[in-house]
Amino acid sequence: MSASEHGRRSEDVGAYLLGALTELEARAFERHVMACAECRDELERLRPAVEAVARSPEQFEAPPSLRRSLMKAAREDAPAASARGRLRMPRITLRWPQLAAAAAAFALAGVVIGLSVNSSSERSVQATTRLPGSAARLTVADDSATLRVSGLPVLSGNRVYEVWVQHDGAVRPAGALFAVHSSGRGAAAIPRKLHDGDRVMVTRERAGGVRSPTEAPIIVARA
């Protein structure tokens with residue numbers, strides 16, 4: 001891993017936690033974190049700040065239009081990134097206490113807009129796990145979901161945990177890969193709407209993900 005690659009990805013820690021990266025940037029960051037202990041430690045050090053602030057008020061789901069509006073404004077203000085005239089999103093470098101302040105702003109926006117648009121529709125279900133000592137919980141919102149795990153082993157050999165969704169009998173990638181900290185804790189954001197009865201599953205796959213599961217699921221949750 002080059003120093004420039006590490007420096008560029010380490011700047012994405014705060015943006016990743018806040019969900020401000022594009023899907024491609026988020027996947028690239030997840031691949032980097034699998035091989036970078038320093039960034040994994042930084043990710044886990046800052047994660048509690050976002051989770052704690054998000055839990056402090058009663059939570060309401062902000063509409064997707066909020067994030068689209070914020071990202072649209074940022075794109076319009078972004079300067080040209082190269083002589084080819086392409087625009088790039090400004091890289092967000094957040095440390096403590098900037099991350100806590102940004103998380104508070106996102107949480108407050110969710111509360112304020114949610115109060116006028118929709119009461120909280122989140123629901124949480126306990127998952128079934130096959131690995132002794134592990135646990136997982138799935139939190140389902142209107143158009144996304146989050147799977148939080150604990151007690152999972154850190155994978156070696158360039159492998160990651162991959163999330164799948166089974167809907168109407170068809171199993172498809174959920175668009176979420178994740179690693180766990182040395183403590184065994186981790187989380188995966190599922191960027192799609194889940195329907196009642198959908199099954200969310202986790203398998204251990206090679207870095208970058210695969211098209212179909214190569215083993216029986218080690219975690220299963222029903223939305």
Side-chain angles (χ1 to χ4, degrees), residues 1 9 12-13 15-19 21-44 46-48 50-51 122-223:
M1 181 194 313
R9 295 304 174 197
D12 284 340
V13 174
Y16 179 80
L17 287 171
L18 291 173
L21 297 179
T22 65
E23 183 175 351
L24 289 177
E25 288 174 332
R27 300 293 83 80
F29 177 78
E30 289 168 352
R31 289 192 294 271
H32 170 76
V33 166
M34 284 297 300
C36 181
E38 183 178 343
C39 284
R40 284 199 302 273
D41 289 342
E42 181 73 356
L43 189 69
E44 291 306 313
L46 295 179
R47 189 189 301 278
V50 175
E51 294 179 349
E122 284 191 354
R123 52 191 173 86
S124 183
V125 296
Q126 189 71 31
T128 301
T129 67
R130 292 199 299 113
L131 301 183
S134 64
R137 179 167 290 276
L138 178 70
T139 301
V140 182
D142 288 338
D143 56 2
S144 64
T146 302
L147 181 70
R148 292 182 172 84
V149 302
S150 62
L152 291 185
V154 175
L155 298 181
S156 58
N158 203 30
R159 301 174 73 202
V160 297
Y161 292 100
E162 183 163 5
V163 184
W164 308 87
V165 174
Q166 183 178 32
H167 176 70
D168 288 342
V171 177
R172 296 185 176 85
L177 305 174
F178 70 97
V180 296
H181 186 250
S182 57
S183 64
R185 294 183 293 112
I190 303 172
R192 58 179 293 176
K193 178 180 177 64
L194 296 180
H195 301 84
D196 289 344
D198 283 357
R199 297 175 73 212
V200 174
M201 301 172 290
V202 175
T203 60
R204 296 160 292 194
E205 309 294 351
R206 68 173 183 267
V210 296
R211 293 181 178 273
S212 58
T214 62
E215 68 170 2
I218 60 173
I219 295 175
V220 178
R222 190 172 295 276

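Sequence positions, counted from 1, serve as the residue numbers for this chain. Note that this is a predicted model, so its numbers are computed, not measured.
Minimum heavy-atom separation, V210 to E162: N-OE1, 3.0 Å. Contact record, M34 with A179: SD-CB, 2.9 Å, taken as the closest heavy-atom pair. Counting all heavy atoms, side chain and backbone alike, A187 lies closest to F178 at O-CB, 3.5 Å. Taking every heavy atom of both residues into account, W164 and R211 meet most closely at CZ3-O, 3.5 Å. Closest non-hydrogen pair, A127 versus A221, comes out as CB-CB, 3.6 Å. Heavy atoms only, all atoms of each residue included: E205 and E215 are closest at OE2-N, 4.3 Å.
Applying the side chain to side chain donor-acceptor pair (under 3.5 Å) rule to T129 yields the partners S134; only residues at least two apart in sequence or on another chain are considered. The side chain to side chain donor-acceptor pair (under 3.5 Å) check on R137 picks up S124, Q126, with sequence neighbours excluded.
Under the 3.5 Å distance criterion, the side-chain polar atoms of Q166 are left unmatched by any main-chain donor or acceptor of M201. Without hydrogens or angle criteria, R222 side chain to G197 main chain gives a donor-acceptor distance under 3.5 Å. Put simply, the side chain of R40 never gets that close to the backbone of V180: no donor and acceptor are under 3.5 Å apart. Remark: side-chain polar atoms of R192 are not paired, donor with acceptor, to backbone N or O of V165 under 3.5 angstrom.
In this structure, H167 and H195 have tilted ring planes: the angle between them lies in the 30° to 60° band.
You'll find the side chain of L155 reaches within 4.5 Å of the side chain of R204, heavy atoms only. Side-chain contact between V200 and V140 is absent, with no heavy atoms from C-beta onward closer than 4.5 Å.
In this structure, CD1 in I219 is found 4.5 Å from CG in L152, a value given to the nearest 0.5 Å.
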